[in-house]
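Structure first, then comments.
Below, read A as the first sequence line, B as the second, and so on, with proteins coming before strands; counting in each chain starts at 1.
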Amino acid sequence: AQSVAQPEDQVNVAEGNPLTVKCTYSVSGNPYLFWYVQYPNRGLQFLLKYITGDNLVKGSYGFEAEFNKSQTSFHLKKPSALVSDSALYFCAVRPPSGGYNKLIFGAGTRLAVHP
Amino acid sequence: EAGVTQSPTHLIKTRGQQATLRCSPISGHTSVYWYQQALGLGLQFLLWYDEGEERNRGNFPPRFSGRQFPNYSSELNVNALELEDSALYLCASSLLAGGDTQYFGPGTRLTVL
């Protein structure tokens with residue numbers, strides 16, 4: 001079955017420190033990978049995506065993500081966290097075939113950045 | 001450029017009633033997607049419309065239905081509401097049919113009493 005795993009319910013990090021939010025996927029073929037962020041009572045905001053090419057993808061607000069095909073991972077990173085980065089982060093995958101149009105989401109990881 | 005808009009922001013219904021949720025995609029986008037974000041169940045794909053046709057649906061009963069209008073806006077209808085239908089319903093749009101990045105609206109919070 002196709003799935004996305006975000007192994008941490010919550011990640012705590014001090015402001016100014018680097019952050020990593022983990023994501024692994026189980027999808028056959030070469031899927032498209034996405035990160036979205038959700039602030040309280042808001043919809044999802046697109047951060048970045050990987051389709052092909054360079055394994056390090058840069059996105060909005062200083063975030064980046066590293067695609068690792070052998071480990072089927074797509075971890076979200078930021079060199080220096082801000083308190084305003086505190087939100088719920090979702091990893092999503094678009095399967096390459098058989099319902100390719102839909103996004104399969106992980107359960108989400110709550111990021112808490114402390115001053 | 002305006003993003004995806006959804007109305008209403010909040011909707012309160014009682015069990016057995018019908019709910020209608022509306023979505024306007026980003027200008028130029030032809031594909032509209034609906035997702036349900038229910039507590040404890042995460043984000044689940046509901047429906048995909050493109051060029052006025054339903055292209056795919058997730059594992060939801062037939063009482064979840066919708067349509068896409070000639071201007072590419074969309075409507076989600078939920079009939080015979082059940083308590084477990086209480087959720088945030090998110091609409092997204094994309095430029096290309098079935099592909100490209102999906103951009104989400106702010107959602108409609110449906111509460112079923």
Side-chain angles (χ1 to χ4, degrees), chain A residues 1-10 23 25-27 29-53 57-60 63 65 74 87-110, chain B residues 1-7 9-10 21 23-26 29-51 53-60 68 87-109 111:
Chain A
Q2 300 168 337
S3 64
V4 177
Q6 293 181 242
E8 301 152 318
D9 291 336
Q10 179 153 331
C23 171
Y25 63 91
S26 175
V27 174
N30 298 311
Y32 292 5
L33 298 159
F34 300 83
W35 276 102
Y36 287 87
V37 60
Q38 186 175 36
Y39 295 96
N41 300 313
R42 303 281 293 276
L44 302 181
Q45 293 182 32
F46 168 70
L47 280 179
L48 50 79
K49 67 181 176 183
Y50 174 83
I51 297 177
T52 187
V57 179
K58 294 189 183 297
S60 306
F63 284 93
F74 189 54
L88 187 57
Y89 290 80
F90 289 95
C91 179
V93 61
R94 198 201 84 178
S97 62
Y100 59 92
N101 52 295
K102 69 178 182 184
L103 292 176
I104 299 171
F105 285 89
T109 298
R110 189 163 301 280
Chain B
E1 179 183 286
V4 176
T5 59
Q6 293 185 245
S7 63
T9 304
H10 294 92
L21 289 64
C23 171
S24 291
I26 293 172
H29 287 194
T30 62
S31 275
V32 171
Y33 311 81
W34 288 94
Y35 291 85
Q36 183 196 64
Q37 186 177 21
L39 203 60
L41 295 177
L43 278 151
Q44 297 184 74
F45 168 74
L46 256 169
L47 289 159
W48 169 38
Y49 290 95
D50 182 69
E51 297 288 354
E53 299 287 332
E54 180 182 303
R55 302 297 185 182
N56 200 3
R57 65 182 294 128
N59 294 324
F60 283 84
Q68 186 178 33
L88 181 67
Y89 289 84
L90 294 167
C91 173
S93 71
S94 71
L95 183 60
L96 300 173
D100 209 344
T101 302
Q102 294 181 24
Y103 295 92
F104 285 79
T108 292
R109 173 75 60 186
T111 302

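- When all heavy atoms are compared, the tightest approach of A:Y36 to B:Q102 is OH-O, 2.6 Å.
- Within 6.0 Å of atom CZ in A:R110, 12 or fewer heavy atoms from other residues, nucleotides or ligands are found, so the atom counts as exposed in its surroundings.
- Remark: the backbone N or O of A:L103 is not paired with any side-chain donor or acceptor of B:Y33 at under 3.5 angstrom.
- In terms of non-hydrogen atom pairs under 4.5 Å with chain B, the most contact-rich of A:I51, A:L44, A:I104 is A:L44.
- Of the atoms belonging to B:L43, heavy atoms from both backbone and side chain fall under 4.5 Å from chain A.
- Closest of all the heavy-atom pairs between B:L88 and A:R42 is CD2-O, 4.3 Å.
- Note that CG of A:L47 is 11.5 Å distant from OG1 of B:T101, once rounded to the nearest 0.5 Å.
- Heavy atoms of A:Q45 lying under 4.5 Å from chain B are absent altogether.
- For B:Q37, the part lying near chain A is the side chain, with the backbone staying farther off; criterion is any non-hydrogen pair under 4.5 Å.
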